[in-house]
Undergrad: 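Before we start, here is the structure in question, set down as structure tokens.
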Amino acid sequence: MIQLNLQEGLQKAVLSLMPDANISSILVRPCPDLKFGDYQANALIGLAKRNKMDPRKFAEQVIDKLDVSEFCELVEVAGPGFLNFRLKTESISDVLVRACKGEHLFFSIEKKPRTIVIDYSSPNVAKPMHVGHIRSTILGYTLAKVFRLLGHKVVTDNHIGDWGTQFGKLLVGWKENLDKNALSVDALHEMERLYKLVNAACDNDEVVLDRVRHELVKLQDGDEENLIIWRKMIELSRHQFDEIYSRLKVDFDETLGESFYNDRLKRIVDELFERGIAEESEGAKIVYFNESKALKKHPAMVQKSDGAANYTTTDLATLEYRQNSWQPSEVIYVTDGRQQLHFQQLFELYTRWKPEHAMKLNHVWFGAILGEDGKPFKTRSGEIVRLNYLLNEAEQRAFDVVTEKNPDMGENERREIARVVGIGALKYADLSGNRQSDYVFSWDNMLSLVGNTAPYLLYAYTRICSIFRKLDGEIILKPKFFTLAQAEELTLAKHLLRFGLVLEQVGDECRPNFLCNYLYELAGYYASFYENCPVLQAEGEIRIQRLALCDLTGKVLKTGLETLGLETTERM
RNA sequence: GCGUGCGUAGCUCAAUUGGAUAGAGCGCUGGCCUCCGAAGCCAGAGGUUGUGGGUUCGACCCCCGCCGCGCGUACCA
């Protein structure tokens, strides 16, 4: 808010001296150290140098043209030409007062909302969801929340894997080895067993392989019996996906699986071929990217030699559908980093197919899940950890701690708190790291309840709630101004002002860990404030102001946590 | 081979367009509950950012070489 005012003011001042300057790089950011000031701009140095000017002198000239006295003390030039801004307490107070009136919560709603399609989670039918799916699901949902909070229109779409060669094997297994009892107990487990069974048999038995191909062709040709089984498998799978999503409190606007696009694939391949974009090679249809360094040696396949389309074609159809249906300005895919080549090809190819499209195509990728030995993650028995098991474990661990801390609390309440804390810890662990870093799976790490974790933030929130409970119906007055005389009050207040900037940065770079860091710092500043600034014992205006600071901190914490997909609890 | 990504404290991770003294947590050492919730607070120890050069007023970040690792590399997605 103030930061934006400073930034716009600075950009104007620069333009008045340098009418053709590129002001998009003239940014005002928080200072790394409060001793320098509250906000700084360091882009003037480079600008001056590029124009062969002395950076410090240029900075002085800009300051002469700059009027930010409404918000700041004297603007200073420091070091090689940094501009340091120090906020006036009155101007901080103004922002807080308006926030108390409910005019804003330290961020502004986008005046020109964009439409953004986000593709995340995308589990495969007949396979249990496991730890590998959680990052995509959590990251994608959080990004959707962030964009919506900022006022954008978001369409979320779960592109489930409900079509493909695996169904040949599944159909053979279903017809020959189905255990109906096991299916009713745990459908995905049974389907996974069938898949593995047939998959193993294929390795050394041509006869089985032929049966698999035969069943697949029948399915693709619309064989009624196979279609019924296929639909049954999808239904059973979706039922279990929904269970997980409901526990994670994640949802989607659309769930259009790969099969939704089946009848569009042939037309696309034909069109690519007729326009000379695709060509034939070894019986398959291929697209070459000769003009691209990275893709020169990696052609994309749009049709296999057996005539079937593959996932590149499906993704082209999906993208076309999304463009036509929602006219988004951006489409975001949240998947793991191993698919980078695929999305490079897809984006390049789509642009060649539809040169007029203006969508930003964005592959938001994340790192691999590794075991504690640094190798791709598996449990001791060689299995991948199932998501529902992970969620159970998270809740159980949290329950043990809640019980230890609150032995007198009723079990229902402890269970509910454990659910919020446990699932929250799991999500937060996934969101708080840089998404591109590889992820080392560790129960203790993922379900840790101390340090920079969800419980720390939730705890800060419960302390705020606790203060307001003690008011016991007393009417809370809204302060007309904030004195902010104590250092901890001032630090906390200044941090509240930064909320909007952080949300923008999360959206710009699709990195929710920025928001986690911000909230962790906010909770930390609140903890210091809490230790050093009595609220209920304070008197008069100070008491009113501190109560308001608690209230605003609580609102930002709650909003931030909800944006990360975390629920809050008033006690824990 | 080619492409791509990574290497930061004992461990797990941050570091806001190249910006000021590289920050947290865990663990370790020590202090704080007649005081709004100690799942907390305060203090301390802990680093040649894999390595060698280069660009720059300034490099964890950009460029080049080397070492180590992950992933990808046409009929899986």
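Quick caveat: nothing in here was measured; it's all calculated off a predicted structure. In what follows, chains are A, B, ... by sequence order, proteins preceding strands, each numbered from 1.
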Undergrad: Do A:Arg498 and A:Phe106 meet the cation-pi criteria used here (NZ or CZ under 6.0 Å from the six-membered ring centre, within 45° of the axis)?
TA: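 Not satisfied by the 6.0 Å and 45° rule.
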Undergrad: With a 3.5 Å cut-off and heavy atoms only, can you find an N or O donor on one side and an acceptor on the other between the side chain of A:Tyr459 and the base of B:rA39?
TA: no
Undergrad: Could you give me the CA-CA distance, side-chain angles and deciding distance for A:Leu549 and A:Glu489, then say whether side chain to side chain contact (heavy atoms under 4.5 Å, CB included) is met?
TA: CA-CA 8 Å; A:Leu549 278 176; A:Glu489 296 174 288; 4.0 Å; yes
Undergrad: Is A:Asn84 side chain donor-acceptor paired with the B:rA20 base, going by distance under 3.5 Å alone?
TA: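 Answer is yes: a donor-acceptor pair is held.
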Undergrad: At 4.0 Å (heavy atoms only), tell me whether A:Gln537 reaches a base, stays on the sugar-phosphate, or touches nothing.
TA: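 It contacts base atoms.
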Undergrad: Using a 4.0 Å heavy-atom cut-off across all strands, classify A:Ile286 as base, sugar-phosphate, or nothing.
TA: base
Undergrad: Could a donor-acceptor pair under 3.5 angstrom be found where the side chain of A:Gln40 meets the base of B:rA20?
TA: yes
Undergrad: Please find the pair of heavy atoms, one from A:Gly507 and one from A:Val146, that lie closest to each other, and give the distance.
TA: N-CG1, 4.2 Å
Undergrad: Flag as yes if A:Phe36 stacks onto the base of B:rA20 (centroids under 5.5 Å, planes under 30°), otherwise no.
TA: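 A:Phe36 ring centre within cut-off of B:rA20 base, planes near parallel; stacks.
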Undergrad: Looking at the base of B:rA39, is there any donor atom on it, or on the side chain of A:Thr453, that sits under 3.5 Å from an acceptor on the other one?
TA: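 Side chain to base: no pair present.
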Undergrad: Would A:Arg463 count as a cation-pi partner of A:Tyr530, with NZ or CZ less than 6.0 Å from the six-membered ring centre and within 45° of the ring normal?
TA: yes
Undergrad: Under 4.0 Å between any heavy atoms, over every strand shown, what does A:Cys533 touch: base, sugar-phosphate, or nothing? Just pick one.
TA: base
Undergrad: Is the phosphate of B:rG37, meaning OP1 or OP2, less than 4.0 Å from a side-chain N or O of A:Lys470?
TA: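 It does, given that an N or O in the side chain of A:Lys470 lies less than 4.0 Å from OP1 or OP2 of B:rG37.
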Undergrad: Base, sugar-phosphate or nothing for A:Gly433? Non-hydrogen atoms, less than 4.0 Å.
TA: sugar-phosphate
Undergrad: Determine the Euclidean distance between corresponding P atoms of B:rG30 and B:rG72; express it in Å to zero decimal places.
TA: 48 Å
Undergrad: Using a cut-off of 4.0 Å on non-hydrogen atoms, how would the nucleic acid contact of A:Lys49 be classed: base, sugar-phosphate, or nothing?
TA: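 If one applies the 4.0 Å heavy-atom cut-off, A:Lys49 turns out to touch a base.
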Undergrad: Determine: side-chain N/O of A:Tyr456 to OP1/OP2 of B:rA38, distance under 4.0 Å, yes or no.
TA: no
Undergrad: Checking all strands, does A:Asp336 fall into the base, sugar-phosphate, or nothing category for heavy-atom contacts under 4.0 angstrom?
TA: nothing
